[in-house]
Amino acid sequence: MPQVLNTRDAGFEAEFTHLLGMKREDSPDVDATVAGIIADVRARGDAAVIALTERFDRLALTPETLAFTPAEIEAHCAQVPEGERVALELAAERIRAYHERQKPEDARWEDASGASLGWRWSAVAAAGLYVPGGLASYPSSVLMNAIPAKVAGVERLVIACPTPGGAVNPLVVLAAKISGVDTIYRIGGAQAIAALAYGTATIAPVDKITGPGNAFVAAAKRRVFGKVGIDMIAGPSEILVIGDGTGDPDWIALDLLSQAEHDQVAQSILITTSQAEAEAVMAAVDRHLAVLERREIAGASWRDYGAVVVCETLEQAAELSNRVAPEHLELCVDDPEALLGAIRHAGAIFLGHWTPEAIGDYVGGPNHVLPTARSARFSSGLSVLDFMKRTTLAKMTPEALRAIGPAAETLAISESLQAHGLSVRARLDKLNG
Ligand code: NAD
C-alpha cells in the first residue's frame, strides 16, 4: 500500500513533510575504496586500469585492447536488429534537433562609458561519458549525454563502459556511433573515472565527465570534480502526476509504474483533486503490478515510497508539487496549459493526457538526465550548456578608462592591492599627459 494522504486531514502537514524528507538514497560508504583506486590509477596508469578491470570485470585487457577497434564497433553495430536501429536513429534525430535550439548566443555591446563588453561561449575540448555496464546500460542514455556534447561542439568525445566478462550491449555501441562518439573504452567503475580525469599513457584526459553509474562511479565523480567538470550525481528516479479526474486511471497507473520499475527506491506520487480518481488509479496499479515483468522492483517502490494525495484545488496541487520539486512532472488534467503557470520547480514537465513520461525518456527531444531528490529547486537537466563555458569580454577606450578607472583605483587602494591601483593609475597618468 502506498501512503494515502488527504489535505483535509488534521495530520496532513506532518505526513506530507515526512514524505518530502524520506531518505531513499542507498549509498554505501565506498569513498575509501574509491580514493585508493584513484591513487592507484594516478600512480600506475594503464597497469592499474588493466589490473582493476581484471579484478572487478573479469576481463583481461592490454593497452592495445582498452578501446574497441573500428572493426569491433562495426561488428557490434551489425548485430542490432533493424527495428531498434531505426528507433535509435529517430530518437537521435529528435534529441539533436531539440538540443540545437539550446545553443546560446554570444553578446557584445557598448555601454555609456564607451567600454565594449560582452561574453562568448565555447565548448569544452574533450568530454568523457560514463555508461554503466551490465543490465543497467541504457542506449537512450548514451544519446542523451553524447548528442548535447556534440551539438555544443566538443571535439573529442569518449565513452567508458565496463563489459563484465566481455559482455557487450550492441545497442550501446550503435548509440555511440550514431551520436558521433570517437572512442569507446571497455573499462568501468572508479578506475574509468580516474583514467578519464587524470589520463594514462593510452587514455587522454578529458575536461568534463557526465553519465550515471553505481556508488563507486558516483564517489569517483565527486572526488575528481575540480580536476574536471562533472554533470551531477543522479539519485533514484521520481515521477509526480497531477490529476483532476479527467484522466484514464489505467494510463496514470502505468505512468506511475514506469518510474517505479526503475528501482525499488524510485518514487511515484499522484496528487489529484478527485477522490474517485485516486481510488481508481490505486486499483489500476494493483492490476498492472500483478502481471508486470519487473513487479518485484515496481511493487517494492510503490509500497515503500509511493503516495497518493487527495487535495481540493489544482492550485493546491501545484503548490504541493512545487514542494516536492519532482524530477518528472505529468499534468494529466483537462487544461494543462492553464496549470503550467503555477508550476515552478520540476526537472521536466509533460503536458496533457497524451504525453506519457516515457516519451521524454526516449524520443520526445528534451533530455532525460534530470535533477532528482528535490534538486530541481536549484538545478536543471543536462543540456548543451553543460558542455560549454562562457568567457567574458571587456575592452576599454581611453575615454572609458578615464570615466571608470578612478573608481577602480579607489577600490584597489581600499583593498590594499597596490599593483592593482598602479596598473590603472599608470594609464590614467599617460592619458592626463
Ligand atoms: P556500473 O558500470 O555503474 O559499475 C560497475 C563497476 O563498478 C565495475 O566495473 C567496478 O569497477 C565497480 N565496482 C563494482 N564493485 C566494486 C567493488 N567492490 N569495489 C570497487 N569497485 C567496484 O554498473 P552497475 O554496478 O550495474 O550500476 C549501474 C548503476 O547505474 C545503478 O546504480 C543504476 O541505478 C545506475 N543507473 C542510473 C541511471 C540514471 O539515469 N540515473 C541510468 C542507468 C543506470
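All ligand and atom numbering here is 1-based and tracks the order in the structure. Along the sequence shown, residues carry numbers from 1.
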If only side-chain N and O atoms count, and only distance matters, is there a donor-acceptor pair under 3.5 Å linking E357 with Q259?
yes
Test of proximity, N214 against ligand 1: N or O pairs below 3.5 Å
yes
Does any N or O atom in Q191 lie less than 3.5 angstrom from one in ligand 1, N or O only?
yes
For ligand 1, does D57 get within less than 4.0 Å through its side chain, its backbone, both, or neither, judged by non-hydrogen atoms?
side chain
Hey, is ligand 1 close enough to A190 that some N/O pair sits below 3.5 Å?
no
Looking at R287 and D250, is there a salt bridge between them, counting it only when a charged N and a carboxylate O are closer than 4.0 Å?
yes
Under 4.0 Å from any heavy atom of G188, which atoms of ligand 1 are there?
9 (O), 11 (O)
When you check the gap from the basic side-chain N to the acidic O, do R222 and D31 get nearer than 4.0 Å?
no
Are R24 and D263 ion-paired here, with the side-chain N under 4.0 Å from a carboxylate O?
no
Basic-acidic side-chain contact under 4.0 Å: E74, K177:
yes
For atom 12 (C) of ligand 1, tell me which residue out of G189, A219, S237 has the closest non-hydrogen atom.
G189
Look at E89 together with R85 and state whether they make a salt bridge at an N to O cut-off of under 4.0 Å.
yes
For ligand 1, which atoms have a heavy atom of Y138 less than 4.0 angstrom away?
42 (C), 43 (C)
When you measure from atom 38 (C) of ligand 1 to each heavy atom in A220, A160, P212, which option holds the nearest one?
P212
Report the part of A234 (side chain from C-beta onward, or backbone N, CA, C, O) that has a heavy atom under 4.0 Å from ligand 1; answer both or neither where that applies.
side chain
D263 to ligand 1: N or O pair under 3.5 Å?
no
Would you mind listing which atoms of ligand 1 come within a distance below 4.0 Å of any non-hydrogen atom of V217?
3 (O)
Do NZ/NE/NH1/NH2 and the carboxylate oxygens of E72 and R186 come within less than 4.0 Å?
yes
Nearest 0.5 Å please: distance from the CG atom of D9 over to the CZ atom of F16.
14.0 Å
Atom indices of ligand 1 within 4.0 angstrom of P162 heavy atoms, with elements:
2 (O), 9 (O)
